[in-house]
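Step one of this worksheet: look at the structure below.
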Amino acid sequence: MSKKWLFFIFILLVSFVIAASCFAAPLPTSQFNRQQAIDTFFKDKTLDPIEGIWLTDDDSYELAIVKNTFSVCSGHDYIGFITEATPHNWKPGEIKLALKKTTMDKLFVGSLYEYSQQLLIFTEKQVLGTSFHLMGNNMLQYTNNKKERKMFIRIYPTSETSKNNSNTFSGSGTGFFVTPHLIVTNYHVVKTAKTIEIKDRNEQLTSATVVAKDPANDLAILKVKEPESSVTPLSLGNVSESKNGDTVYTVGFPMPTVLGAKAKLSEGIINSTTGFQDDVRMYQISIPIQPGNSGSPLFNTKGQVLGVVCSTMDPLKSLALSGSFPQNVNFSMKINYINNLLSTLPDEIPLPVKQTENNLTPAQIMDLAKNSVVQIVVK
């Protein structure tokens with residue numbers, strides 16, 4: 001055998017030994033399927049936000065992400081092991097993922113392991129420097145070795161099982177003032193909150209309470225104890241004047257643990273004046289929506305609010321209906337339903353009059369929002 005081949009075999013053996021301590025190593029107990037993983041690691045336990053059963057967006061495998069209390073993947077805080085896989089080379093119990101915490105709550109760094117085939121022998125290859133972002137509590141985003149953005153989708157615990165979990169997740173959304181003491185947001189932002197605080201542009205926190213809610217339309221009205229003197233309440237626009245193709249803006253606080261605490265402006269168009277399955281309550285919009293954007297005002301070019309950003313297309317529902325994942329399909333609840341909700345309050349609410357008939361620039365929209373759009377922090 002030539003020296004070249006001997007050297008090649010030696011490199012393969014060394015690579016295998018180095019990777020073996022973390023890669024494709026069964027957990028110390030046994031191989032686990034999904035239910036065994038749930039019963040062993042998750043059921044009736046307090047979980048970190050990253051823990052659970054996750055499914056790849058191409059449905060090729062699912063894995064359980066658990067705290068790393070094992071004698072493998074030293075230095076990593078979590079490991080993800082296979083519970084079910086379509087590729088025959090992956091077996092339940094094999095480690096697919098290793099994660100380390102960062103200073104940001106929902107950002108992790110680590111490695112995703114893949115098999116590659118060389119000389120008809122399966123060998124391992126490690127993808128280094130990969131970051132993983134927990135979007136909300138139900139999506140884990142990463143970039144693969146082809147520089148493609150990919151997703152894991154949580155399938156356990158579900159929202160129902162999470163109610164029985166003793167761990168309380170903090171979260172955030174966006175809201176906007178319609179009077180000096182009333183704030184509009186999405187109901188789902190505050191639905192399970194024990195405490196609600198409003199963070200202003202100076203990052204000062206003020207307590208708030210829910211004074212009106214409309215779960216069917218995913219809307220809520222919050223009230224701060226003391227009226228905010230520095231607030232410029234937003235005026236509400238006329239929905240009947242909006243049409244497909246109109247330019248719209250939103251200002252909110254997407255992914256604040258990653259992108260920072262300052263408000264962000266996004267621009268798009270009204271794709272449709274009806275929402276999912278022609279729901280007349282909603283707009284479909286092209287503005288990119290991230291966790292933390294929920295409750296953001298949808299501005300027209302005059303700086304008037306046409307709606308409340310409420311949701312993005314459910315990827316699992318889209319997969320079930322069409323066999324594919326959605327691309328930037330987002331929705332906003334029309335402002336009419338806020339007017340209806342405000343009318344249920346005991347006192348008459350004087351709303352601001354239209355501010356201008358002239359079109360504003362994006363910079364002017366942002367200036368307008370600085371004194372009216374706030375981050376909502378819930379626990």
Taking atom CG of L107 and atom CG of L99, what is their separation to the nearest 0.5 Å? 10.5 Å
Is I38 reachable from I155 through a run of hydrophobic residues whose side-chain heavy atoms are each under 4.5 Å from the next? yes
Side-chain (N68) to main-chain (C73) donor-acceptor, under 3.5 angstrom: yes
Any sub-3.5 Å donor-acceptor pair from K243's side-chain atoms to S272's backbone N or O? no
Determine, using ring centers only, whether Y142 and F108 are less than 6.0 Å apart. no
Grab the two heavy atoms, one from A261 and one from Q375, that are nearest each other, plus how far apart they are. O-OE1, 4.5 Å
Here the gap from L55 atom CG to E84 atom CD, rounded to the nearest 0.5 Å, amounts to 8.5 Å
What heavy-atom pair brings Q290 and P254 nearest, and what distance separates the two atoms? CB-CB, 3.7 Å
How many angstroms lie between CD1 in I285 and CG in N271, if you round to the nearest 0.5 Å? 8.0 Å
Would you find a donor on one side and an acceptor on the other, under 3.5 Å apart, between the side chain of D77 and the backbone of K100? no
Check this for me: K150, atom NZ, are more than 12 non-hydrogen atoms of other residues, nucleotides or ligands nearer than 6.0 Å? yes
Side chains of I338 and L219 in contact at under 4.5 Å (non-hydrogen atoms): yes
Going by distance alone, is a donor N or O of one side chain under 3.5 Å from an acceptor N or O of the other, for D214 and N217? yes
Below 4.5 Å, heavy atoms only, C-beta onward: do T83 and F81 meet side chain to side chain? yes
Hey, mind stepping through F176 and F299 against side-chain contact (heavy atoms from CB on, under 4.5 Å) and telling me if it holds? CA-CA 12 Å; F176 57 95; F299 292 102; over 6 Å; no
State, with a plain yes or no, whether a side-chain heavy atom of Q141 is found less than 4.5 Å away from one of M151. yes
Using modelled atom types and a 3.5 Å cut-off, is there a donor and acceptor pairing between side-chain atoms of K264 and backbone atoms of K262? yes
Does a side chain donor of either H188 or D218 reach within less than 3.5 Å of an acceptor in the other side chain? yes
CD1-OG1 distance between I376 and T185, expressed to the nearest 0.5 angstrom: 3.5 Å
Determine yes or no for a side-chain-to-main-chain donor-acceptor pair under 3.5 angstrom, with N138 supplying the side chain and R154 the backbone. no
pair L182-L222: side-chain heavy atoms closer than 4.5 Å: no
When you measure from the side chain of T273 to the backbone of N244, do you find a donor-acceptor pair of N or O atoms at a distance under 3.5 Å? no
If I take atom CG from residue L360 and atom CE from residue M366, how far apart are they, to the nearest 0.5 angstrom? 14.0 Å
Under 4.5 Å between side-chain heavy atoms, counting indirect links through other Ile/Leu/Val/Met/Phe/Trp/Tyr residues: same cluster for Y337 and V248 or not? yes
Determine, step by step, whether L368 and Q364 satisfy the side-chain contact (heavy atoms from CB on, under 4.5 Å) criterion, reporting the C-alpha distance in whole Å, the side-chain angles of both residues, the deciding distance to 0.1 Å, and the verdict. CA-CA 6 Å; L368 181 67; Q364 290 172 321; over 6 Å; no
Do K334 and M282 touch side chain to side chain, with heavy atoms closer than 4.5 Å? no
Nearest heavy-atom contact between Y113 and A98 is OH-CB, 3.8 Å
Polar side chain donor-acceptor pair, N300 to Q304, under 3.5 angstrom: yes
Any I198 side-chain heavy atom under 4.5 Å of V224 side chain: yes
With a 4.5 Å limit on heavy-atom distance, are the side chains of I221 and I183 in contact? no
The test is side-chain contact (heavy atoms from CB on, under 4.5 Å); show your working for L97 and W54 and say whether it passes. CA-CA 11 Å; L97 182 68; W54 298 82; over 6 Å; no
For Y283 and S242, does a side-chain donor sit closer than 3.5 Å to a side-chain acceptor? yes
Within 6.0 Å of NZ in K43, more than 12 heavy atoms from elsewhere: no
Single-linkage hydrophobic cluster, 4.5 Å side-chain cutoff, L236 and V211 together: yes
Would Y61 end up clustered with I50 when hydrophobic side chains under 4.5 Å apart are linked, directly or stepwise? yes
Nearest 0.5 Å please: distance from the CG atom of L205 over to the CD1 atom of I196. 13.0 Å
Quick one: are E62 and R34 in side-chain contact, heavy atoms under 4.5 Å? yes
Do you know which two heavy atoms are closest between F132 and S111, and how far apart they sit? CE1-N, 4.3 Å
Short question: side chain of D279, backbone of R281 - any donor-acceptor pair under 3.5 Å? yes
Checking E94 side chain against K91 main chain: does a donor-acceptor pair fall under 3.5 Å? yes
side-chain contact (heavy atoms from CB on, under 4.5 Å) for H133 and L140? Distances and angles first, verdict last. CA-CA 6 Å; H133 174 223; L140 184 63; 5.9 Å; no
Mind listing the closest non-hydrogen atom pair of S296 and G252 along with its distance? OG-CA, 3.4 Å
Would E197 and S207 satisfy side-chain hydrogen bond (donor to acceptor under 3.5 Å, both in side chains), going step by step from the backbone distance to the final call? CA-CA 4 Å; E197 292 180 306; S207 296; 4.6 Å; no
Using the rule that two of Ile, Leu, Val, Met, Phe, Trp, Tyr join whenever any of their side-chain heavy atoms come within less than 4.5 Å, decide whether V308 and V239 are in one cluster. yes
Scanning both residues in full, the closest heavy-atom pair of S286 with I269 reads OG-N, 2.9 Å
